[in-house]
Amino acid sequence: MQTIKADIVIIGSGVGGSAVAHQLAGSGTRILMLERGDFLPNEPQNSDAEAVFLQERYKTRDEWQDASGARYRPGQYYYVGGHTKFYGTAMFRFRAQDFQASTIDGSPSPAWPVSYDELAPYYAEAERLYGVRGQSGIDQTEPPRDTFPHAPIPHEPTIGRLAKRLSAQGLHPFPMPSAVDFGGGGSCQRCGTCDAFACRVSAKGDAEARVLRPLLAQPDLQLERHAQVTRLIADDQGHRIIAAEFRRDGLITRVEAPLFVLSAGAINSALILLRSACAAAPDGLANRSGVVGRYLMNHHLTGLMAINPLARNETKFPKTLSVNDFYNGLPGDSNARGNIQMLGKIQGAMIRATYPTMPRVLADWLGRHSVDVLAMSEDTPEADSRVRLLPDDRVEVDYRPGGTHAHDRFVRHVRGVLRRAGFPVVLRHGFGIRAPSHQCGTVRMGDDPATSALDTMCRAHDHPNLYVVDAGFFPSSAALNPALTIAAQALRVGAHLREMHSRLSQLA
Ligand SMILES: Cc1cc2nc3c(=O)[nH]c(=O)nc-3n(C[C@H](O)[C@H](O)[C@H](O)COP(=O)(O)OP(=O)(O)OC[C@H]3O[C@@H](n4cnc5c(N)ncnc54)[C@H](O)[C@@H]3O)c2cc1C
């Protein structure tokens, strides 16, 4: 077995891993980033709905299983840049109250050990890094903030009309914060494929294009692709992490370092920790509390296709509008709450991928006539909602969402809002856990080592040299897209590590 050495090993090149690399690159620390995937190829299929949705060209070939044992290929994408290569560019800050404890229909949503105010400067840095566009001062749930780094993306006509009709109902639609290089001199071509597709011209603000690629010229950052980390190895006392092992082309390589940053995505990071069980940590690393793999959340995500049979929707980039009037609850029902935002334009091929028996002509007609909206509610963390490692390295995702009924009430209300906005037919579709796009919570942080795996700096309570910076650290899911919050907290952790490293170098 080959052994290599580094000062810091970062596992995973998604939002979390690349933010830490951003903070540390150039500091003279030898950073080794281990990424399971490769660069996503730039090819015509990137923006071809048949290739992406029907042929599932980019989805992993791995299989997971649900609690009944049914096996499936999860909607997981393993590339440099992680899931942001396919994400929808919505870059929201969580609201100040999202960091505080609450309940939904009696299910608790715990407080974060970090406040909005502590994260605010890192949110600002993350917005600059990703080139987020937006407009402050309209959404009443917005936390204190400066202006956005870039002006918002203007509505196309259909979305502009929807905004007016929502305003006429007394709502306050606002420009959705979005990380797209749009506007004077911008590279976005409004190709019509963005959310759930890869961008061929790097206009999408993804972790590879915006964060990692500029760092790769730094001599102290080395990116190893096709390097799938199988486990971490602790010392005999189960205290310090001494090595990681990765597999490439059937060969195992051992990497030794004084510091490890795990950021393989919420589900995969939990799996790596569970796979790393040893005599001193029989339930897996960072898991004295028993929480690793538990509290899996994914948001309640319901797609609503609002259809006016008499009007075609020619919009190319619809993701310019959001509504937070019900973020703190419906009138008379404070538990039924969430965010409303636009989805990327739904196409016939996407509908056929989910409903294979639907005639092509009908799916294409629906795709041409729908205005596509996402209703998102908080998924409260449940201890029994979990990912497990079964014999023969089989992965079980036993997902038990919290707050389902409250979300249903919210969706019912949103459908009414859309009908009143001029769409007589509003079809609904729930996005389930088989495509765990907003997965989080499986390596939760907290102040109490008995009930959490990580401290407020995402450092493992059990291991002084292990940090976990992907969405696994979320104690609760809020009701807004996760990527900006992952980036902000990972930038905060990276700044802490940079300072620690500089203090150690001065002492040496
Ligand atoms: C279709 C889609 C649309 C989305 N839209 C939005 C949106 O509009 N706004 C938003 O905020 N969020 C969105 N999300 C969610 C967002 O993309 C994720 O929350 C975010 O990218 C997660 O970042 P991460 O760093 O936690 O993990 P990941 O992005 O999963 O990164 C983990 C990295 O680790 C690598 N890896 C995994 N296992 C191993 C291993 N064993 N060894 C080495 N490397 C490994 C992976 O290949 C990957 O590069 C969307 C997601 C999807 C799928």
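Every number for a ligand or one of its atoms is a count from 1 in the order of the listing. Keep in mind that what you see is a predicted model, and the values were worked out from it rather than measured.
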Go through the structure and list residues passing ring pair (Phe, Tyr, Trp, His ring centres under 6.0 Å) with Phe326, not counting sequence neighbours.
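Here the qualifying residues are His413.
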With sequence neighbours left out, write down each residue that passes salt bridge (charged side-chain N to carboxylate O under 4.0 Å, His left out) with Arg30, or none if nothing qualifies.
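In terms of salt bridge (charged side-chain N to carboxylate O under 4.0 Å, His left out), with neighbours along the sequence ignored, Arg30 is linked to Asp7.
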Going by salt bridge (charged side-chain N to carboxylate O under 4.0 Å, His left out), name the residues that satisfy it together with Glu43, two or more places apart in sequence or in a different chain.
Arg57
N or O contacts of ligand 1 with protein under 3.5 Å, please list pair by pair.
from: ligand 1; atom 1: 5 (N); to: Gly88; atom 2: N; distance (Å): 2.8
from: ligand 1; atom 1: 8 (O); to: Gly88; atom 2: N; distance (Å): 3.2
from: ligand 1; atom 1: 8 (O); to: Thr89; atom 2: N; distance (Å): 3.2
from: ligand 1; atom 1: 8 (O); to: Ala90; atom 2: N; distance (Å): 3.0
from: ligand 1; atom 1: 9 (N); to: Ala90; atom 2: O; distance (Å): 2.7
from: ligand 1; atom 1: 11 (O); to: Ala90; atom 2: O; distance (Å): 3.2
from: ligand 1; atom 1: 11 (O); to: Pro482; atom 2: N; distance (Å): 3.4
from: ligand 1; atom 1: 11 (O); to: Ala483; atom 2: N; distance (Å): 2.8
from: ligand 1; atom 1: 25 (O); to: Val15; atom 2: N; distance (Å): 3.2
from: ligand 1; atom 1: 25 (O); to: Gly16; atom 2: N; distance (Å): 3.1
from: ligand 1; atom 1: 26 (O); to: Ala471; atom 2: N; distance (Å): 3.1
from: ligand 1; atom 1: 29 (O); to: His83; atom 2: N; distance (Å): 2.8
from: ligand 1; atom 1: 30 (O); to: His83; atom 2: ND1; distance (Å): 2.8
from: ligand 1; atom 1: 41 (N); to: Val229; atom 2: O; distance (Å): 3.0
from: ligand 1; atom 1: 42 (N); to: Val229; atom 2: N; distance (Å): 2.9
from: ligand 1; atom 1: 44 (N); to: Arg36; atom 2: N; distance (Å): 3.1
from: ligand 1; atom 1: 47 (O); to: Glu35; atom 2: OE2; distance (Å): 2.6
from: ligand 1; atom 1: 49 (O); to: Glu35; atom 2: OE1; distance (Å): 2.6
from: ligand 1; atom 1: 49 (O); to: Glu35; atom 2: OE2; distance (Å): 3.3
from: ligand 1; atom 1: 49 (O); to: Tyr79; atom 2: O; distance (Å): 3.0
from: ligand 1; atom 1: 49 (O); to: Gly82; atom 2: N; distance (Å): 3.4

Just checking Tyr77 against Phe86, ring centres under 6.0 Å apart?
yes
Taking 4.0 angstrom as the limit, do Arg73 and Asp62 come out as a salt bridge?
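Answer for the salt bridge query: no.
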With the threshold set at 4.0 Å, does a side-chain nitrogen-carboxylate oxygen contact exist between Lys85 and Asp206?
yes
